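Input: a single structure, listed below in structure tokens.
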Amino acid sequence: MTKHPHLKQDFTASLVVFLVALPLCVGVAVASGVPAELGLVTGIVGGIVTGLMRGSSLQVSGPAAGLTVLVYEAVREFGLPVLGVVVLATGLLQIGMGALKLGRYFRAISVSVVEGMLAGIGLVLIAGQLYAAVGARAPESGLGKLAGLPGALIDSLGSTRSLVSLALAAGTVAVLVLWKHLPPRVRVVPGPLAAVGLATLVAVVFDAPVATVEVSGLLGSVQPPSLDAFGELAGMGLIGTIVAFTLIASAESLFSAAAVDRMHDGPRTAYDKELVAQGAGNAVCGVLGALPMTAVIVRSAANVQAGARTKASRVLHGVWLLLFAALLPGALAFIPIPALAGVLVHAGAKLIPVRALARLWREHRGEALVLVVTAVSIVAVSMFEGVLIGVALSVAKTAWDASHVKLEVIDKGAGPVQAHLSGNATFLRLPKILDSLEALPHDRPVELDLSGLHHLDHACRTALESWAQRHSSAETEPVKVTSA
């Protein structure tokens, strides 16, 4: 048996990723409105099942902050027993798309739409977790969360319990922000674990009156979907939710893979195989009634930066999560909810691409608009509709950009007026073309040259023929058209 050449680096990296993943798995589960243990189950499956499969060797999968809002909405609308059905169907769809080699096409989704999607999720996540930070109940809608925040924060000022809760959350965020500025010896412990650990220590030592994670045991939390839950598949609402889960989980995983590829010199991601691996993980999570998974950039970056060389590190991180869930589940009951809220507020803030938006605004206003509209639509309407609006706007922008057409008019004062059209004549630019043509003199012959057009759609051709007939009066020669 050959010795694993990179065992030491992978073993060390797996411990770092485990320590980063632990508070995030629990925090995402609590924010999604499901038992904390289900976040650990998804982390375990992401490490051991998806981790063993081929695709991207160094990116790490598990429950993602990016799906929190969608999972919360699904659990609220359909109930926890149906979540397993949604996640199982998502996994099977991902496996099918990977088998049909559709993985690479996710790279064609506009980066502005994906960044807008993550920004929208980030805003809703931050707004929702600020309620958890003061121990208040969050409104259901994205706009409701934002509108009610000032009132919730003002109300918290009159309650000692709320102020203590808010202080713990703020302290957690402060540790996460400042952690990267501390000496390297201290930063051996990952920021999220340090922040949650310190908050837990403070809460226990001072017996702080704050809500803590409810623990029901690993086996008690795992509830495979019943046959009755599968009956919900007949409803269009559930189908829409499954499509949203599939598109968002797949896009987030494959964009994460592209980002991770830029961080190391090892083998590149095989996108279709990675989609199958994500699908297999989600199918297993669905059978166990757990949260959906995606590849997570925070964990993946920690894995690469910790010196991981092969997939062994992510598989081992899944083993450590399993051992923790089996041997120390009671430790979760000491973790304060506001500390997890702080971790997710910090994670949500990182989803909002402030620098990228500023750069886009300077260089590509149209792309910046797509990003902002997508984010605002997700907050104002819902996750699925927001992404659809962003995709539609991106397609419309691309069509507009592609339909550049130039009309050059040569009038020598005598003889026919020559009009040359060049570029791509589509219905989007038709009003501009017709305005220019209708301004040509009616008492002179016109020669319309279409030979410079790369593309002439049916609407444009019909409109130009109609204009030529109208323009030709009884006193002048008919418009002479040179075809494209």
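Source: prediction; values computed, not measured.
- Between Gly281 and Val45, the shortest heavy-atom contact is O-CG1, 3.5 Å.
- At least one donor-acceptor pair closer than 3.5 Å links the side chain of Tyr131 to the backbone N or O of Leu149.
- Of the possible polar contacts, one joining the Lys145 side chain to the Pro139 backbone as a donor-acceptor pair under 3.5 Å is found.
- Proximity of a side-chain donor or acceptor of Ser256 to a complementary backbone N or O of Glu252 within less than 3.5 Å is not detected.
- Evaluation of the side-chain hydrogen bond (donor to acceptor under 3.5 Å, both in side chains) test over residues 281-295, restricted to residues two or more places apart or in two chains, returns Gln94-Asn282.
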Run the side-chain contact (heavy atoms from CB on, under 4.5 Å) test on Val60 and Thr50 for me, step by step, so that the C-alpha distance in whole Å, both residues' side-chain angles and the decisive distance to 0.1 Å come before the verdict. CA-CA 9 Å; Val60 184; Thr50 303; over 6 Å; no
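- The side-chain hydrogen bond (donor to acceptor under 3.5 Å, both in side chains) contacts involving residues 27-39 comprise Glu37-Ser221, where partners must be two or more places apart or lie in separate chains.
- Taking OG1 from Thr212 and CG from Leu332, the interatomic distance works out to 10.5 Å, rounded to the nearest 0.5 Å.
- Heavy atoms from other residues, nucleotides or ligands lying under 6.0 Å from CZ of Phe230 number more than 12.
- The CG atom of Leu247 lies 12.0 Å from the CD1 atom of Ile242; values are rounded to the nearest 0.5 Å.
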Test side-chain contact (heavy atoms from CB on, under 4.5 Å) applied to Leu340 and Val213, step by step: CA-CA 9 Å; Leu340 295 177; Val213 174; 3.6 Å; yes
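- Two residues are said to be in side-chain contact when any heavy atoms from C-beta on lie closer than 4.5 Å; Leu80 and Pro35 meet this criterion.
- Between the side chain of Ser61 and the main chain of Met293, no donor-acceptor pair closer than 3.5 Å is present.
- Within the 4.5 Å cutoff, side-chain heavy atoms of Val189 are placed close to those of Trp179.
- Side-chain atoms of Ser165 never come within 3.5 Å of backbone atoms of Pro338 as a donor-acceptor pair (strictly under, hydrogens ignored).
- Qualifying salt bridge (Lys or Arg N to Asp or Glu O under 4.0 Å) partners for Glu367, counting only residues two or more places apart in sequence or in other chains: Lys397.
- The salt bridge (Lys or Arg N to Asp or Glu O under 4.0 Å) search around Arg76 returns Glu140, not counting sequence neighbours.
- Atom CD of residue Glu115 and atom CD1 of residue Ile352 lie 12.0 Å apart, to the nearest 0.5 angstrom.
- When each of Thr90, Leu92, Val86 is tested with Thr246 by the rule side-chain contact (heavy atoms from CB on, under 4.5 Å), just one qualifies, namely Thr90.
- In this structure, Leu24 and Val296 have side chains that are not in contact, with every pair of non-hydrogen atoms separated by 4.5 Å or more.
- Listed by first and then second residue, the salt bridge (Lys or Arg N to Asp or Glu O under 4.0 Å) pairs involving residues 41-66 amount to none (not counting sequence neighbours).
- In Arg365, the CZ atom is crowded: over 12 heavy atoms of neighbouring residues, nucleotides or ligands sit closer than 6.0 Å.
- At least one side-chain heavy atom of Thr200 sits less than 4.5 Å from a side-chain heavy atom of Pro336.
- Atom NE2 of His455 has more than 12 neighbouring heavy atoms from other residues, nucleotides or ligands inside a 6.0 Å radius.
- With sequence neighbours excluded, the residues forming a side-chain hydrogen bond (donor to acceptor under 3.5 Å, both in side chains) with Glu274 are Gln59, Gln278, listed by chain and number.
- Although no hydrogens or angles enter the test, the distance criterion places a donor-acceptor pair under 3.5 Å between the side chain of Thr12 and the main chain of Lys8.
- Considering only residues two or more places apart in sequence or on other chains, Phe11 meets the ring pair (Phe, Tyr, Trp, His ring centres under 6.0 Å) condition with Trp320.
- Looking at every heavy atom in both residues, Ala290 comes nearest to Val87 through O-CG2, 3.7 Å.
- Here the closest heavy-atom approach between residue Ala31 and residue Thr68 is recorded as CB-CG2, 3.6 Å.
- The shortest non-hydrogen separation linking Val113 to Gly390 is CG2-O, 3.5 Å.
- The two residues Leu254 and Gly103 make their nearest non-hydrogen contact at CD1-O, 3.3 Å.
- Atom-to-atom distance recorded for Leu316:CG and Ser14:OG is 4.5 Å, nearest 0.5 angstrom.
- Legend: side-chain hydrogen bond (donor to acceptor under 3.5 Å, both in side chains) pairs involving residues 333-362, not counting sequence neighbours: none detected.
- The closest side-chain heavy-atom distance from Leu360 to Leu371 is below 4.5 Å.
- With respect to Val34, the side-chain contact (heavy atoms from CB on, under 4.5 Å) criterion is satisfied by exactly one of Val28, Thr42, Leu83: Leu83.
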Enumerate donor-acceptor pairs with a distance under 3.5 Å from any side-chain N or O in residues 117-125 to protein atoms, sequence neighbours excluded.
none

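- With hydrogens and angles disregarded, no donor-acceptor distance shorter than 3.5 Å links the side chain of Asp10 to the backbone of Ala308.
- Although no hydrogens or angles enter the test, the distance criterion places no donor-acceptor pair under 3.5 Å between the side chain of Ser300 and the main chain of Val260.
- No side-chain heavy atom of Val134 sits under 4.5 Å from any side-chain heavy atom of Leu130.
- Here the closest non-hydrogen pair linking Pro63 and Leu291 is CB-CD1, 4.0 Å.
- Contact check for Asn424 versus Val405: no side-chain heavy atoms found under the 4.5 Å cut-off.
- For Glu214, the CD atom counts as loosely surrounded, since its 6.0 Å shell holds 12 or fewer non-hydrogen atoms of other residues, nucleotides or ligands.
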Would you please test Ile337 and Val210 for side-chain contact (heavy atoms from CB on, under 4.5 Å) and show each step? CA-CA 7 Å; Ile337 296 286; Val210 293; over 6 Å; no
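- Judged as a side-chain hydrogen bond (donor to acceptor under 3.5 Å, both in side chains), and not counting sequence neighbours, Asp457 has no contacts.
- Partners of Ser313 according to the side-chain hydrogen bond (donor to acceptor under 3.5 Å, both in side chains) rule, which considers only residues two or more places apart in sequence or in another chain, are Asn303.
- Partners of Gln129 according to the side-chain hydrogen bond (donor to acceptor under 3.5 Å, both in side chains) rule, which considers only residues two or more places apart in sequence or in another chain, do not exist here.
- Residues Ile335 and Val30 fail the side-chain proximity criterion, which asks for heavy atoms closer than 4.5 Å.
- Remark: Phe18 CZ to Cys25 SG distance equals 9.5 Å, nearest 0.5 Å.
- Under a 3.5 Å cut-off, the side chain of Asp261 and the backbone N or O of Thr269 do form a donor-acceptor pair.
- With rounding to the nearest 0.5 angstrom, the CG atom of Leu393 is 6.0 Å from the CG atom of Leu369.
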